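Structure first, commentary second.
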Amino acid sequence: MSVSAHTPDATEMPAAARNHLISALRDIVSAECLLTAQDELAPYESDGLAVYRQRPAVVVLPETIEQVQAVMRLCHAESVPVIARGAGTGLSGGALPRPDAVTLGLGKFNRIIEIDAQHGTARVQPGVRNLAISEAAADFDLYYAPDPSSQIACSIGGNVAENAGGVHCLKYGLTVHNVLQVEVVTVEGERITIGSTAPDTPGADLLALMHGSEGLLGVIVEVTVKLLPVPPVAKVLLAAFDDVERAGDCVADIIAAGIVPAGLEMMDNAAILASDDFAQCGYPRDAAALFLCELDGSATEVDEQMQQVIALVERGGATQWRVAKDDAERAVFWKGRKSAFPAVGRISPDYYCMDGTIPRRHLGTVLQRMDALSKEYGLAIANVFHAGDGNLHPLILFDASKDGELERTEELGGKILSLCVEVGGTITGEHGVGVEKINQMCVQFNSDEIEQFHAVKAAFDPNGLLNPGKAIPTLQRCAEFGALHVHHGELPHPELERF
Amino acid sequence: MADHDITDNLRERVAEAMTTGATLRLVGGDSKSFYGCEVDPSATTLEIAGHRGITNYQPTELTLTARAGTPLSELRAALDDAGQMLPFEPPAFDGCDGALATLGGTVACGLSGPARPFNGACRDFLLGTRIINGRAQVLRFGGEVMKNVAGYDLSRLMVGALGSFGVILDASFKVLPKPAVTRSFSAACDLETALATMREKRMQYLPLTGASYVGERLHYRLAGATSSVNECAQIFHNDIAGEEDDGSHWQALREHTHPFFDDTRPLWRLALPPGTGPITVDSSSADQIVDWCGQQRWLLSDAPADIIQACARRAGGHATRFRRGDRNLFQDGEPSIQLLQTRLKAAFDPSGLFNPGKLAAGL
């Protein structure tokens, strides 16, 4: 795969400085925890967004919090940038290395320290996989609610850094709603506790600020999460429509009826076909759109609400609907949705996953305009959509081996994100900004807002050593990008129709 | 009062303060001015209540945006019409059911009512804010959608900051449908039994939205689908025979109109980890009630602040001087966290225009 046009260019660390750094790091971690040879560094070149690649100066894999502190103290003293990395599954290049920086891998912090079933909390190290927490809690009929689609592999530390979402966000919230406390090592190497198992820690909400800060404010070395009782019953309904907007309207009807589904996932025809080919899940292949509506709760409550949903789906013009008759069939319904990304990967040499959020009432407009953009660029788009919360994942199908196609894909992706901002949404719902959407930040935020972000960053990291160049663009970059600032729908000349 | 956008006027007032070196005391409905430390008396009042009105309410998307001066009663009425609510039950503390208390003050104080351990806190439902910072810039963070990770989460940073970081202009919230049915019960028992029951029931999948211990009675509230509420009422009844009541207890607890709060001693709020047992501050004068499944204790005590704060700290929590007592005291915190707060204050409000001294001395 070719390297993206947007890969930031940092200069390589001079050999003498690198040798000096390596010898100082040897005093902190054991030899096998320090990767310096080119073949050892190669696996760390990218995260889950593999179109961006850079080789780090070195990779350190500390095993104790004291070692993390010592690495931070060293790098702070030597003014060496540090890029924290969890499981490397991020989709916005947030953990993309730099040739002048240390990549601080937290993979060895993979221990669940304590499950307190009596009080519904788990204290875990940052490298623990998201799903491993729910697996460990299952013995007590508890689980950790946020379930990003990478949950089998992604780490909880990375989840905090990105404020990861998932398919159950509408009812159970994002990572920020399910984390009680984090231990953070600051850029100076100090260990601090942010948040508490007691509610409402005094002062401003630093715990929320750490969520989604993409490794720019501190290194997360321990996380205390909230565990919830597993709902006794979960049922899922699949409804198909011959029109995407009709499906969107039906979603609105369900919510207007006072029902908050545990999951509400929509797919368009392109995504239906790809998923059904891949997962053989029996999706209605001729449908323009389908959604899966999952309800959970007590048996009677779920039955009551499912009857309401069925009535709404029928009234809403569904061409067909069915309720999974048991957990096995429920798993089949979900299998298609959950394998949508790899399924699209099979029908196209490459695909690029976007992550905008829109107010759901604009779904029709956004889909129409994406369709027009798709035709203009000659690149097909398949859509999966967290319909409950408006988070849209257009998958752009492309072939990176074709000259210029990646660049055109990135340009198309950028236009889709600008469109999300224009209708009052955001450029990223759950994947983060990283390096990928750094230009689109200039579309969503004006220069005063970006300056405010930098001032907040400086309160934690005045010399800008933590994950430099990610998440928040410099004003100079925005000027070069020359973005039309379409702030929350407040376009210049709003009287003009833009379809 | 009619809807009104006075952003420009408020921004001009902040710009003027920047040039004259004046400081500003931010006032919404003036219903919670007792909360926090005393603002430096030389500060000029900046009235925000005139900046009011619901600007965007989308019941089918569960989102609502309103200007900071919008009274809570107006929000409740609009939400009522669509069968929805602010799930964190913000207290108004204005003696007139939210006719004075504003949305901006609600965000700035970050207080939540009895449903908080079950539904979530004020900060959990906040989606975005527009503010004026100490450079007289109008800034918008977060948004009107539920999933949004572009930029740092600076909107939630405003929750509980008592206006120290900026003038909140408007706020967007996630709202939820009202439960189909709500039932309230109480049963006589001792404190240990009440705490143990709360602990146990909380970890079961039950439609619990309130659990308090007041006047030697365990109070519990169930809300949700009719069937599950009725089933749950039976589960409780089998363990601890309760009597059903009219539910006014929860509003009295939320608004501090319960007779317990009618006292001359300082009122403290102790926030504690789940499962904290009985707390004894001093053997003689202390008087307490329990809310939030034991995670919030209201304490009336003349005991010195350091004793009360140490007591909360020992239990893994923290104490807030809530009403009466020494206005120079509010909350204590870790020095490293206080240092970050001070630096953040400077990042938003470099000249210290807003609510000087309100959150802590020197902030």
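Quick caveat: nothing in here was measured; it's all calculated off a predicted structure. Each chain gets a letter, A, B and so on, in the order its sequence line appears, and its residues count up from 1. These numbers come from the heavy atoms of this one structure, side chains and all, not from hydrogens, waters or symmetry mates.
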The interface call for A:A117 against chain B, heavy-atom contacts under 4.5 Å, is backbone
A:F445 and B:R140 have their tightest heavy-atom pair at CE2-O, 3.7 Å
Using modelled atom types and a 3.5 Å cut-off, is there a donor and acceptor pairing between side-chain atoms of B:K174 and backbone atoms of A:L170? yes
Highest number of heavy-atom pairs under 4.5 Å with chain A among B:G317, B:G160, B:S228 belongs to B:S228
Looking only at A:H386, A:H211, A:M210, most heavy-atom pairs under 4.5 Å shared with chain B are made by A:H386
Applying a strict 4.5 Å limit to non-hydrogen atoms, the region of A:L142 in contact with chain B is side chain
Okay, A:T193 and chain B: the region with an atom under 4.5 Å from a heavy atom over there is backbone
Exercise for the section: Examine distances only and state if a side-chain atom of A:E430 and a backbone atom of B:V149 form a donor-acceptor pair shorter than 3.5 Å. Expected result: no
Smallest heavy-atom separation, A:N391 atom then B:K147 atom, equals OD1-NZ, 3.2 Å
So, the part of A:Q440 with a heavy atom under 4.5 Å from chain B: the answer is neither
Turns out that what part of B:Q58 lies under 4.5 Å from chain A's heavy atoms comes down to side chain
*Does the B:Q295 side chain pair with the main chain of A:T197, one donor and one acceptor, at a distance under 3.5 Å?*
yes
Turns out that what part of B:L363 lies under 4.5 Å from chain A's heavy atoms comes down to neither
Of B:R156, B:Q204, B:H318, B:R135, the largest count of non-hydrogen pairs under 4.5 angstrom with chain A goes to B:H318
| said: Could you walk me through whether A:I472 and B:Y152 satisfy the side-chain contact (heavy atoms from CB on, under 4.5 Å) test, starting with their C-alpha distance in whole Å, then the side-chain angles of each, then the deciding distance to 0.1 Å, before giving a yes or no? | reply: CA-CA 9 Å; A:I472 313 292; B:Y152 303 121; 4.0 Å; yes
Here the pair of heavy atoms bringing B:P177 nearest to A:I259 is CG-N, 4.4 Å
- Message: Assess the residue pair B:N148 and A:T428 against the criterion (side-chain contact (heavy atoms from CB on, under 4.5 Å)); give the C-alpha distance rounded to whole Å, side-chain angles, the decisive distance to 0.1 Å, and a yes or no.
- Response: CA-CA 6 Å; B:N148 182 1; A:T428 173; 5.6 Å; no
If one checks every heavy atom of A:H454 against chain B at 4.5 Å, the contacting part turns out to be neither
Among A:Q305, A:E451, A:E301, the residue with the most heavy-atom pairs under 4.5 Å to chain B is A:E301
Okay, B:Q296 and chain A: the region with an atom under 4.5 Å from a heavy atom over there is neither
Comparing B:A161, B:P273, B:G36, B:A225 against chain A, the one with the most heavy-atom pairs below 4.5 Å turns out to be B:P273
Under 4.5 Å to a heavy atom of chain A? For B:D124 that would be both
Assert top hit (heavy-atom pairs under 4.5 Å, partner chain B, pool A:L206, A:I427, A:I194) equals A:L206
With side-chain contact (heavy atoms from CB on, under 4.5 Å) as the test, would you mind laying out the steps for A:D296 and B:Y205 before giving the verdict?
CA-CA 11 Å; A:D296 68 10; B:Y205 193 93; 3.8 Å; yes
NZ/NE/NH1/NH2 to OD/OE distance under 4.0 Å, A:D200 and B:R123: no
Salt bridge (charged side-chain N to carboxylate O under 4.0 Å, His left out) filter on B:D170, not counting sequence neighbours, yields B:R130
Whatever's closer than 4.5 Å to a heavy atom in chain B on A:Q308 counts as neither
Between A:T426 and B:A150 the two heavy atoms that sit nearest each other are OG1-CB, 3.6 Å
Counting heavy-atom pairs under 4.5 Å with chain A, the top scorer among B:T226, B:L344, B:V159 is B:L344
**Q.** Candidate pair A:Q452 and B:F141, rule side-chain contact (heavy atoms from CB on, under 4.5 Å), full reasoning
**A.** CA-CA 10 Å; A:Q452 185 65 71; B:F141 301 110; 3.8 Å; yes
Tightest non-hydrogen contact, residues A:A256 and B:T60, listed as CB-CG2, 3.8 Å
Expected contact set for residues 331-338 of chain B against chain A at heavy-atom separation under 4.5 Å reads B:Q331, B:D332, B:S336, B:I337
Under 4.5 Å to a heavy atom of chain A? For B:K178 that would be neither
Interface check, chain A: of B:A82, B:S164, B:G151, most non-hydrogen pairs under 4.5 Å belong to B:G151
Applying a strict 4.5 Å limit to non-hydrogen atoms, the region of A:S196 in contact with chain B is side chain
Is there a salt bridge (charged side-chain N to carboxylate O under 4.0 Å, His left out) between A:R360 and B:E61? Walk through the geometry before answering. CA-CA 7 Å; A:R360 197 184 45 245; B:E61 297 184 28; 5.2 Å; no
Side-chain touch B:R116/A:P199, heavy atoms, less than 4.5 angstrom: yes
If one checks every heavy atom of A:V230 against chain B at 4.5 Å, the contacting part turns out to be backbone
B:Q234 meets the side chain to side chain donor-acceptor pair (under 3.5 Å) criterion, sequence neighbours left out, with B:N238
Expected contact set for residues 175-183 of chain A against chain B at heavy-atom separation under 4.5 Å reads A:V176, A:H177
Turns out that what part of B:F165 lies under 4.5 Å from chain A's heavy atoms comes down to side chain
Hey, are B:S227 and A:E304 close enough side-chain-wise for a donor-acceptor pair under 3.5 Å? yes
Note: B:M146 and A:L174 closest approach over all heavy atoms is O-CD1, 3.6 Å
Turns out that what part of A:K457 lies under 4.5 Å from chain B's heavy atoms comes down to both
